[in-house]
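Report on the following structure.
By convention in this document, chain letters (A, B, ...) are assigned in the order of the sequence lines, proteins followed by strands, and residues within each chain are numbered from 1.
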Number of protein chains: 2
Amino acid sequence: MTKPATREQIIETADRLFYQQGFNHTSFSDIAAQLNISRGNFYYHFQTKDDILQSVIEARLEKTREMLKRWEEEASTPKARIKKYMQILNTNWDKIQYYGCPVGTLCTELAKLNHASLPEANRLFTLFRNWLREQFIQLGCEENADELAMQVLAWSQGVATLANAFADKKFAQQEVRKMCNWLDNYNK
Amino acid sequence: MTKPATREQIIETADRLFYQQGFNHTSFSDIAAQLNISRGNFYYHFQTKDDILQSVIEARLEKTREMLKRWEEEASTPKARIKKYMQILNTNWDKIQYYGCPVGTLCTELAKLNHASLPEANRLFTLFRNWLREQFIQLGCEENADELAMQVLAWSQGVATLANAFADKKFAQQEVRKMCNWLDNYNK
DNA sequence: AATTTGCTAGGACAATCGTCCTAATAAGTG
DNA sequence: CACTTATTAGGACGATTGTCCTAGCAAATT
């Protein structure tokens, strides 16, 4: 009994297209064309377009959790882990340059659409926020750990938005460097 | 010969709806319904929807230029002027809470749509960037004036994005306070 | 009053949207 | 093999999209 891969392929392709083109601007036809499947076939796997979005968000949440877990294995100190987050701007530059931050742009769009899945999408932010806060707590900043987490989060969002607008890689790299330096000198 | 106000009303309403709902998600019908005019009437004033967007961007550019000029009149020192910019997050909080930053969200959306007017929209960013840079130059930071301008710009974008996602007014206020303090202590 | 011009309402147009139905095929089970 | 289930293709559906045409009203000018 081989599990049908179609459903996963739809989620995968929808994930990519939602990121590249936005949720509202991506149609069933777009996804179907990429997968060479029939448009009418969607209904067997998903009831509505919103259901696809829901699955995409869940998939992103899961992938993010795995990534954060991987970072904890790869980096032994809290500072090194936080830097993993900051380095995303360099690691994923090719995509960020064209499409911005996957989390920020999705939440922004769903907010404007007044979409029912907005709270679910915002959980992506919360995931990073809690994880960063935990790292700052381990760093010995119990009192303002959440504030620092929000600061790092806001920093990355701002840089991603500007780097996207100006397509300025040097700016992004420079900001990452500055932020890492700030972290190195923080708390001694 | 009374100038026809319809064209200006269309721009005005489109401006507001593009901000609240996004460009792509706002239809001719939406704008027409708000103004109680016929949908077919648009063609007399604008050839295409993209033309409306173009006019909206131009209107925003003009309004921004006037605002920056007003700030220069109202604030006598460069630091006071830069603070005017930072305070926007508090001043326009009611809107930012729901719709984010008008500039950032528009540029992000047009980037995803691969829209021809994206460069025009990005000029809104450039307007603020150059103005902030000028203020930092007057502050005596000739060498890194542009870098500082980008930093302030990125900061505001990040805070706006997060404040929108978490609907957190206290966070926004706190960040404004921190940023103003940073500015006060900068360059002595 | 007659005529031109500025502006508008209403609807037609093809295309596309998300949704949903049905018939046909593929896969799995007895 | 027959039979049930899982999956798919293709297209119909009503609604909505941006665009565009035309007839008619309103206003200004002659």
To the nearest angstrom, how far is [X] atom [atom1] from [N] atom [atom2]?
X       : N      : atom1 : atom2 : value
B/Ile52 : D/dT19 : CD1   : C1'   : 12 Å
B/Tyr44 : C/dA9  : OH    : C1'   : 14 Å
A/Asn41 : C/dA24 : CG    : C1'   : 13 Å
A/Leu53 : C/dT19 : CG    : P     : 12 Å
B/Gln9  : C/dC7  : CD    : P     : 13 Å
B/Phe42 : D/dC20 : CZ    : C1'   : 14 Å
B/His45 : C/dG6  : NE2   : C1'   : 9 Å
B/Phe46 : C/dC7  : CZ    : C1'   : 14 Å

Report task. Could you tell me whether B/Arg123 and B/Glu120 have a side-chain N and a carboxylate O separated by less than 4.0 Å? Result -> yes
Query raised in the report: Does a salt bridge link B/Asp146 with B/Arg129, judged by any charged N lying under 4.0 Å from a carboxylate O?
Result: yes
Query raised in the report: Would you say the side-chain atoms of B/Ser27 and B/Asp30 include a donor-acceptor pair closer than 3.5 Å?
Result: yes
Query raised in the report: B/Leu113 and B/Val56: same hydrophobic cluster, using ILVMFWY side-chain contacts below 4.5 Å?
Result: yes
Report task. Ignoring the backbone of A/Tyr43, work out which of D/dT19, C/dG18, C/dC20 is nearest its side chain. Result -> C/dC20
Report summary line: Of C/dG18, D/dT19, C/dG6, the nucleotide closest to the side chain of A/Lys49 is C/dG18
Report task. Report yes if the distance between the aromatic ring centroids of A/Phe171 and A/Phe166 is under 6.0 Å, otherwise no. Result -> no
**Report entry** Proximity of A/Trp155 and B/Trp155 rings by center, below 6.0 Å
**Finding:** no
Query raised in the report: How about A/Lys95: does its NZ atom have over 12 heavy atoms from other parts shown lying under 6.0 Å from it?
Result: no
Query raised in the report: Around A/Glu12, counting heavy atoms of other residues, nucleotides and ligands shown, do more than 12 lie under 6.0 Å from its CD?
Result: no
Report task. Using a 4.5 Å cut-off on heavy atoms from C-beta on, say whether the side chain of B/Cys141 contacts that of B/Tyr186. Result -> yes
Report summary line: Between its two end axes (five pairs each) the helix from C/dA1-D/dT30 to C/dT29-D/dA2 turns, nearest 10 degrees, through 10°
Query raised in the report: Which parts of residues 23-40 of chain B get close to DNA chain D, meaning a heavy atom less than 4.0 angstrom away?
Result: B/Thr26, B/Ser27, B/Phe28, B/Ser29, B/Arg39, B/Gly40
